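Read the structure below first, then the notes.
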Amino acid sequence: MFAVQFRRDWLSLMRSRDEAINPLVFLFLATTLFAIAFGGDARRLAGLAPAIIWVLVLLANLLSLEALFKRDFEDGTLEQLLLLAEPPFAAVLGKVAVQWCVSGAAMTILAPAAALLLNMPIAALPALMLGLLLGTPALSLIGAVGAALTVGLRSGGVLLALLLLPLYLPVLVFGVSAVLDRMAGVGTTAQFYWLAAISVAALTLAPFAATAALRISVEQS
Amino acid sequence: MFAVQFRRDWLSLMRSRDEAINPLVFLFLATTLFAIAFGGDARRLAGLAPAIIWVLVLLANLLSLEALFKRDFEDGTLEQLLLLAEPPFAAVLGKVAVQWCVSGAAMTILAPAAALLLNMPIAALPALMLGLLLGTPALSLIGAVGAALTVGLRSGGVLLALLLLPLYLPVLVFGVSAVLDRMAGVGTTAQFYWLAAISVAALTLAPFAATAALRISVEQS
Amino acid sequence: MMFEDWQAFIAMGGHGLYVWMAYSAAVALLIANLTGLGVERCRTRRHLQAQLRSRTEEGLDASEAP
Amino acid sequence: MTFRQFWHRLGSPKWFYQMSGPWQSAFAILAVLLLVTGMAWGLAFAPPDYQQGNSFRIIYVHVPAAILAQSVYVALGAAGVLLLVWRMKMAQLVLENLVGFGAWMTALALFSGAVWGKPTWGTWWVFDGRTTSTLVLLFLYFGLYALRRAIPAREAAGRACALLAVVGVINIPVIKYSVEWWTTLHQGATFKLTEAPAMPASMWAPLLVNVVGAYCLFAANLVAKLRTAILRQERGAAWVREWAAGEGRP
Amino acid sequence: MPPLLTMTDLACTRGGRRLLDGFDLTLGAGGCTEVRGANGSGKSTLLRIAAGLFADYSGAVEAAPRHYLGHRNGVSALLSPLENLKLYERPGGHSVREALTRVGLQDALNAPSGQLSQGQQRRVGLARLLLGDKPLWLLDEPLTALDADGRRLVRELVEAHCHRGGAVLCATHQPLGCSASEVHLRV
Amino acid sequence: MPPLLTMTDLACTRGGRRLLDGFDLTLGAGGCTEVRGANGSGKSTLLRIAAGLFADYSGAVEAAPRHYLGHRNGVSALLSPLENLKLYERPGGHSVREALTRVGLQDALNAPSGQLSQGQQRRVGLARLLLGDKPLWLLDEPLTALDADGRRLVRELVEAHCHRGGAVLCATHQPLGCSASEVHLRV
Ligand code: HEM
Ligand SMILES: Nc1ncnc2c1ncn2[C@@H]1O[C@H](COP(=O)(O)OP(=O)(O)OP(=O)(O)O)[C@@H](O)[C@H]1O
Ligand SMILES: Nc1ncnc2c1ncn2[C@@H]1O[C@H](COP(=O)(O)OP(=O)(O)OP(=O)(O)O)[C@@H](O)[C@H]1O
Ligand SMILES: [Mg+2]
Ligand SMILES: [Mg+2]
């Protein structure tokens, strides 16, 4: 079920390739905006770059999560999924996996380029990438719960942000501090362990929570 | 027609009050995230605060623009509007005005609070507010054209961003430099004239362009 | 009593502004909270009684009877 | 009465309503007595701190508020579990009615902390572990409130909030740990909260009184809000109509 | 009197299929034409062309001011039926309240339209036809989701409109039940 | 043999109106029941309750594994009919291609579903019923947007399903045309 759903969502993302690169475009546009808006201060940026990149990754993730279940909800596919998928949570996990591929994974690969725009030292890039690799699954998974809760609601977008940002905080903090520590030459293993632990915990719990949340959303409409 | 459409959109925003405060919530959440992520560096922020606030205002605007025509497009109200409103561009202007009230105007009033979170000096707040007041109408109006062009497209969100950010750039640059100049004690009148000029130009052209764009979008579906 | 006179009590050794701000917020919240509870209770009671009256006037609405 | 019966009854609004009448006033009176005593004691009779002087007295407001802020959220999480797993009707009422109280307490903790920060730290606000996690707690409350407001159907809103509350409770320790650890790593100990293990009894006794008082306030709120909510929810039931006709008459 | 709708030598290709080819249609005052045809034969496309909501065709179309009721009702879920139709009210014509009463929604004036049943939402769409007084009505399966009473209502509305000198072009799979000419589309 | 759908003492209030009250229904193998009633009388609500997609009711519902075809087709606009239904294919049952051929979509297997006409999209929804072999079918106005040929198709599908020992609960304003008992909802 996971694989079938994964293939399905992957296909429909590929049908509208623009949507697939949304989070990336957002990341780069916003980074560019910041670089332009900071103007001459660019040199002072280096120390702030990890924070900016991570916050933007969070926001990009949020934006792409909003669409995660929306279309399926609106055209009635979601109710069919809850009725017919065996088991539904595997299908939900499939959807989240696709979302992670185009947000988390893609941003992990391309964040270094954005970081360079903000003058981040090259030596710190591996820490940034590893942090993103370990942390973004948690973002997608926890985010899926929020997206599932808000999918039927008109106020979707920013209610989602309100719900999720507090939950994203630990990932943000560990992610940023890993990069900063690397820049300062301090050991960074602990942060990576934490990020991995959060992601694993999210992986075991979030699919069920998201499915339950989807059921709540569907039952209202 | 303007007034009727304004009242209508206003009502439907008030029905889902949460959506109305979306841009504000976004602004504050993102500001808080930045403040947290910068952590101890907060003191160094002051010089960067104008840029951060303006970039976030831009992004908040983008996000709320995406929804501007979407619902009406999907439930068929938009085609009725194009067929029956007399003249359609007045109705479109009504919609944009409501969007501006909850994004531009609201953020103008509350941006100072966000700025304080980032340690911006109080003396610079009037420049920030005046800049937002003069600049945000242009953002909403130009944005409406982009939103109208992309409303029927699946890739909506970030295609919109891609289209609009280059157009938003002058507003961003003048807005930020006005605040920075004020902080540096330099005169800032020129920037404000420019912002006002852009907004006035947008006001005279954008409603027609947006209506034409909507017609294109509707004729495709 | 740790203070010589009222003046000193109000001044709090120079920290009066902060101490009194914190305490007044706390007291205001306490009062607002407790009166809020009472008001809510009265309103509910009035509401229920109004409902009861309109019911007995119209005769019991069969569809809403438990 | 076996535990099973008790459990079952606790889930029954009617039983709770009929039992809880005396509890409500008891808790409210106790709360007022304790809090007034504790505050007066803290304000006027406790000794000033040898370092912070009289600004230290804010502790008697700040710590109880901060403790309640967290306790209420944990209670919401527990109610969430009860609602999701056992579909307990009362848990939904708890979820619906306690969010505001918790949010206000969090706000008070933030406010009193900020007010305390100005004389001690020299600034209203600084992003350190506890301040940040308290701020985030406030956001969690906002989230619960907004989610409930956004969902029109009451039953669904209850379950959605329950889910969110549970997820939030799981996250709170992680949030706390992450920020605490992060700022102590990067910010040094300049702004560490003063810890006074050797605090004399004359200092901590009023604090204890206030903390117990705060919990009484919590209980009074819980009971009172549940009672009105029960009346509203069960307004069609015979016993409520009897109540409105008899005892409830002014 | 000039016809209210003239379509001359219309041709249209969608998704690689030739839907219309040399299609001609004239609809004068008082005329009611039902467009019939199998699923996917191009009825909705024809109506959108007539409404001016679809541009990718060749040929000439001239249409009087018109109402279009498509597959979608054009009803905002958040607004009540009253608020929804306010925009289309014109001085001198029916009031929104009258129109909604006519379609049997007098008891659901103020609930958010999203909470109405499918048939009730369709009726809100129908009520719009009574506002603004357009001579040409373009109806795309107006009977969808309507009960027997609703179907009668549509027939009466259409008859009254034709009687007043209006014209109706209606795509439908079930006959409306009023005297109407038929056009068949074949792919 | 136990019934496929049992609803006991069902009651439901929506938007302040009592829709169902002490409603009972039993549907055994081979049974087909049409739910009739005016617009807004609660037919769709009843079907969603039976499907387990609406929770705010009191009473007991027991339902066998089921297919639900609602007002919305559950068809993703971007995916072709083939891709759309892949998720519901089960080993041993019909293949997606067979199902789509059965509903007359053999020529539109690979176009994005969003480019199909309303009736064609409805047929995609109908094709899903043939996959996964669920004994209970819950159909909410299955005839919507279907042409005469499509209506016949639905009748045949329903008859065949009942014949195989399945059961069908169908909300509709037009009779399906097969032998069915009727339940009337009144507000
Ligand atoms: C806005 C700023 C502040 C916030 C949000 C805040 C929040 C908190 C929290 C959440 C607790 C934990 C309560 C518990 O669970 O035991 C706490 C305890 C405490 N806070 Fe604050 N605080 C702030 C500012 C301050 C300041 C400025 C001081 C004094 C310099 C201070 C002194 C204390 C003390 C002494 C405790 C008790 C310590 C303990 O028992 O562990 N706080 N605060
Ligand atoms: N989301 C909702 N919120 C509140 N009330 C609703 C909602 N959906 C439907 N209702 C109400 O429930 C009643 C029954 O709706 P339902 O859709 O079940 O009717 P129906 O019998 O299917 O009607 P139709 O024949 O028009 O499809 C209607 O009066 C409607 O106002
Ligand atoms: N957006 C679109 N893009 C490409 N092709 C389309 C689009 N919409 C419809 N078509 C094609 O145009 C043809 C006619 O569609 P149309 O909706 O006009 O049919 P219809 O006669 O209204 O059918 P129905 O009775 O099912 O409503 C169909 O074959 C369909 O595949
Ligand atoms: Mg059609
Ligand atoms: Mg229905």
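Everything quoted here is computed from the prediction, not taken from an experiment. Chain naming here is simple, since letters A, B, ... match the order of the sequence lines and numbering starts at 1 in each. These values consider heavy atoms only, across backbone and side chains, with no hydrogens, waters or symmetry-generated copies.
Identified by a heavy-atom distance below 4.5 Å to chain E, the contributing residues of residues 84-93 of chain B are B/Leu84, B/Ala85, B/Glu86, in residue-number order.
In this structure, the side chains of E/Arg122 and E/Gln118 stay at 4.5 Å or more apart for every pair of heavy atoms.
Looking at E/Asn84, both its backbone and its side chain come within 4.5 Å of chain B, counting heavy atoms on both sides. Proximity to chain B is limited to the side chain of E/Arg48, based on heavy atoms less than 4.5 angstrom apart. At a 4.5 Å heavy-atom cutoff, the contact between E/Phe54 and chain B is made by backbone and side-chain atoms alike.
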(request) Dump the intermediate steps for salt bridge (charged side-chain N to carboxylate O under 4.0 Å, His left out) on E/Arg123 and E/Asp149, then the final yes or no. (result) CA-CA 11 Å; E/Arg123 286 165 190 249; E/Asp149 175 65; 3.5 Å; yes
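Between chain B and the options E/Arg90, E/His67, E/Arg66, E/His71, heavy-atom pairs under 4.5 Å are most frequent for E/Arg90. Contact count versus chain E (heavy atoms, under 4.5 Å) is highest, among B/Glu219, B/Gln5, B/Arg7, for B/Glu219.
Looking at B/Gln99 and B/Ser140, their side chains do bring a donor and an acceptor atom within 3.5 Å of each other.
Other residues, nucleotides and ligands contribute over 12 non-hydrogen atoms within 6.0 Å of the CG atom of E/Asp24.
Between E/Glu89 and E/Lys86, at least one side-chain nitrogen of the basic residue sits less than 4.0 Å from a carboxylate oxygen of the acidic one, meeting the salt-bridge criterion.
Of the listed residues (E/Leu138, E/Thr33, E/Leu139, E/Asp140), just one forms a side chain to side chain contact (heavy atoms under 4.5 Å, CB included) with E/Cys170, and that residue is E/Leu139.
Using a 30° and 60° split on the angle between ring planes, B/Phe174 and B/Trp194 fall in the parallel class, below 30°.
For E/Arg72 (side chain) and E/Gly70 (main-chain N/O), no donor-acceptor pair under 3.5 Å exists by modelled atom type.
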